[in-house]
Amino acid sequence: MLDDEIYSALTEVFREVFCDDDLVLRPDLSARDVPGWDSLRHVRLVLAIERRFKHRYPASKVAALHDVGELAALVKSYT
Amino acid sequence: MDERLLYEELAWLPAPPADFAARCGKLIYHDNPTREVRDLAGHALDESRLNRLASAILQLVSAKRDLSLTPFRLGVIGSGTLDLLVPALVASAARHGLALECVKGHYEQFLQEAVSATSYINVAKCDAVLIALDYRSLPLEAKSGGVEEGGEGIAAAFQLVETIRAGIRNHSGAVAIMQNFPSPPESLLGSFDRLLPGSTRASIQELNHLIAESVRGTSDVLLDTASIAETVGNAAWYSPSQWNMAKLPFSNAFIPLYADHVARLLAALRGKSRRCLILDLDNTLWGGVIGDDGLEGIKLAQGDAVGEAYLTVQRLALGLRDRGVILAVSSKNDDEVARTPFRKHPEMLLREEHFAVFQANWNDKASNIKAIANELSLGLESMVFLDDNPVERNLVRRELPQVAVPELPDDPALFARTLAAAGYFEAITFSAEDAQRAGLYADNARRVALQKQAIDLDSYLESLEMEITFQPFDQVGHARITQLINKSNQFNLTTRRYTEAEVIAVEQKAEYFTLQVRLKDRFGDNGMVSVVICRPSKLDSISEPVWYIDTWLMSCRVLGRRVEDMVLREILMHARAAGVGYLLGRYCPTERNAMVRDHYPNLGFTFLQTGENGDSDWLYSVQSGMPKSSMVVRRHGFDSLAVPLEMEFQ
């Protein structure tokens with residue numbers, strides 16, 4: 001899967017989870033930059049991404065994520 | 001449809017529309033938000049979509065928009081992270097006609113919140129409190145063996161559960177919805193766990209039994225989570241990763257299913273369970289079309305793979321009737337013909353006396369369902385309508401959104417399971433009167449008069465995006481043409497039967513005009529739906545060439561879709577191009593084809609003469625009007641398509 005494809009799929013998921021159709025993803029985007037990105041939202045986000053890509057990520061890898069770039073890399077490593 | 005996904009994906013509900021998110025976004029501006037909310041909630045929504053809809057509903061509530069849904073305040077306490085559940089419950093409750101407000105307890109505070117009279121939950125004036133405990137919160141230590149240790153664990157767990165339930169009941173006055181416990185798939189000694197006192201599996205089984213006994217006969221309600229999980233598989237239900245990551249008590253994939261189950265119970269508490277099941281007949285209660293295939297031709301037999309599927313549907317309907325659900329029929333059929341299997345087919349489980357109302361006619365089903373509801377003095381929101389035909393389902397959904405119309409898969413083997421999975425008839429009590437209720441309504445399978453057709457059929461037909469294809473007879477079509485010619489009884493003007501060799505002979509005669517007609521719509525391809533054969537003829541009174549319509553038949557499945565108009569239109573175009581002056585149509589009455597008695601006069605033909613055996617002849621000048629086109633037309637295989645283009649745009 002190409003980075004572009006991953007980003008475009010991730011954008012869809014983010015927009016759905018954050019109910020914000022204008023949200024734009026950048027690799028350096030992190031929870032601090034997005035209003036409402038709390039721990040619960042983070043759980044929703046991971047679950048929605050797992051569902052979208054039909055992946056299962058171990059908790060250790062999820063816990064180590066700091067920004068969207070690392071998230072995209074995690075997704076890529078499983079595709 | 002994959003039967004494993006029926007439950008997880010709520011496959012009895014139609015798939016969400018492509019503009020779902022946009023419609024949620026615009027909900028706040030909608031002029032009929034109640035209808036829009038119920039429509040959106042009525043789809044198979046995954047967790048994200050439930051969430052999205054719940055946000056939109058909350059927006060409406062904060063804006064104090066008037067929602068005519070029944071208010072319900074639900075407390076939610078229990079183990080693990082229940083936050084994901086709340087929005088799913090709000091949106092699922094809307095599906096069942098409730099405006100749900102959730103009051104969620106604090107993380108892992110269920111015991112304190114239940115037993116303290118002044119707790120957040122107990123003072124919230126809840127109508128009901130969902131006690132969603134997980135087995136991991138119970139003092140069930142998996143001790144090794146020994147009846148006593150096992151018994152202690154169970155007793156302690158049961159006491160905890162009962163303390164919580166009593167606390168809620170005594171302090172808040174709310175109905176307690178007590179959830180039982182699915183078994184985790186991990187076993188220690190395999191099958192023996194079931195026999196080993198104190199094993200998790202044996203303890204949970206015993207505990208569930210105690211809970212059921214304790215709730216039975218009280219005003220509290222059981223949520224049989226153990227059965228929900230078992231249905232989808234306990235290994236899928238319990239996700240160790242999600243428990244570790246976020247303390248989700250069960251996999252988030254099943255949040256929509258779980259939430260729908262809770263919402264069904266809440267609706268049942270408010271008397272909103274459905275009460276009447278309206279059944280289509282052909283290809284829903286038996287395989288095939290009674291009017292065309294006849295008593296011997298319909299599939300409905302033990303030992304026949306297809307027939308058994310339909311028997312399963314009948315068995316389910318009977319079982320529901322025994323539990324108080326009223327049965328009715330809505331079928332496009334002649335009344336007498338439709339009743340024949342109920343009277344004469346030895347394998348039928350359902351009989352006329354099981355139905356309160358029996359509507360077999362050629363009117364649209366929305367009008368018929370309204371008539372049934374009126375006759376039974378039940379609201380439309382009490383009705384469930386089961387029909388294999390997606391066009392009928394969609395018409396009813398569109399015209400009567402209050403009626404529940406389950407989606408059905410192609411395979412009739414799954415009809416009964418799908419209907420049962422939808423849980424329309426959720427009960428919280430069952431009494432002797434319930435058992436007799438259906439009988440009070442029924443026994444006579446009566447026919448009721450329709451009111452005026454109230455629906456806008458034109459706009460519905462337009463929404464079907466129909467595409468009709470005309471071709472002359474050809475090699476590929478022979479088999480199906482011959483089949484239709486030999487089995488169509490109802491919409492068949494002359495009921496002339498031809499062998500395949502004769503069909504081929506007709507095709508090869510240049511002076512004959514033939515049509516095979518196919519119809520597609522947005523629900524799929526209906527295949528070949530109509531066949532026409534015209535041959536040159538002469539009439540003494542008329543000097544111009546005449547086409548005699550030797551055969552005109554159509555599948556009843558596409559009745560009421562204006563296919564006849566389109567076919568006449570097509571014949572007229574070709575007749576004009578061939579220099580023909582008149583069409584001569586004949587109706588030869590049989591026992592089966594009364595429905596087309598007025599076919600020619602309805603199309604504007606004028607009466608010419610009566611012949612032998614009650615035949616009647618009808619005439620149409622090709623220069624008189626042409627029916628309006630109501631769908632996209634495709635043509636293939638006409639050698640000299642001498643139809644002038646401008647005629648297409650009349």
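These numbers were taken from a predicted model, which means no experiment stands behind them. Just so it is clear: chains get the letters A, B, ... in the order the sequence lines come, proteins before strands, and each one is counted from 1.
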Report task. Could you look at A:Val46 and say if it's the side chain, the backbone, both or neither that has a heavy atom under 4.5 Å from chain B? Result -> side chain
Report summary line: Counting heavy-atom pairs under 4.5 angstrom with chain A, the leader among B:Arg52, B:Gln242, B:Met245 is B:Arg52
**Report entry** Pairwise side-chain contact, A:Val43 with B:Asp83, heavy-atom cut-off 4.5 Å (strictly under)
**Finding:** no
Query raised in the report: Would one find more than 12 heavy atoms of other residues, nucleotides or ligands at under 6.0 Å from atom CG of A:Asp28?
Result: yes
Requested in this report: Apply the test side chain to side chain contact (heavy atoms under 4.5 Å, CB included) to residues B:Asp46 and A:Arg51: give CA-CA distance (whole Å), side-chain angles for both, the deciding distance (0.1 Å), then the verdict.
Outcome: CA-CA 10 Å; B:Asp46 59 17; A:Arg51 196 171 167 80; 4.1 Å; yes
**Report entry** Under 4.5 Å from a heavy atom of chain A, the part of B:Ala22 involved
**Finding:** neither
Report task. Count the heavy-atom pairs under 4.5 Å between each of B:Ser251, B:Ser241, B:Ser48 and chain A, then report the option with the highest count. Result -> B:Ser48
Query raised in the report: Which region of A:Arg56, side chain (C-beta onward) or backbone (N, CA, C, O), has a non-hydrogen atom less than 4.5 Å from a non-hydrogen atom of chain B, or is it both or neither?
Result: side chain
Report task. Check the surroundings of atom CZ in B:Arg136: do more than 12 heavy atoms from other residues, nucleotides or ligands lie under 6.0 Å from it? Result -> yes
Query raised in the report: Does A:Asp21 come within less than 4.0 Å of B:Lys26, counting only side-chain N to carboxylate O?
Result: no
Report task. Please assess B:Asn51 against A:Val17 for the test side chain to side chain contact (heavy atoms under 4.5 Å, CB included), listing each intermediate value before the final yes or no. Result -> CA-CA 8 Å; B:Asn51 213 8; A:Val17 170; 6.0 Å; no
Report summary line: Applying a strict 4.5 Å limit to non-hydrogen atoms, the region of B:Pro87 in contact with chain A is side chain
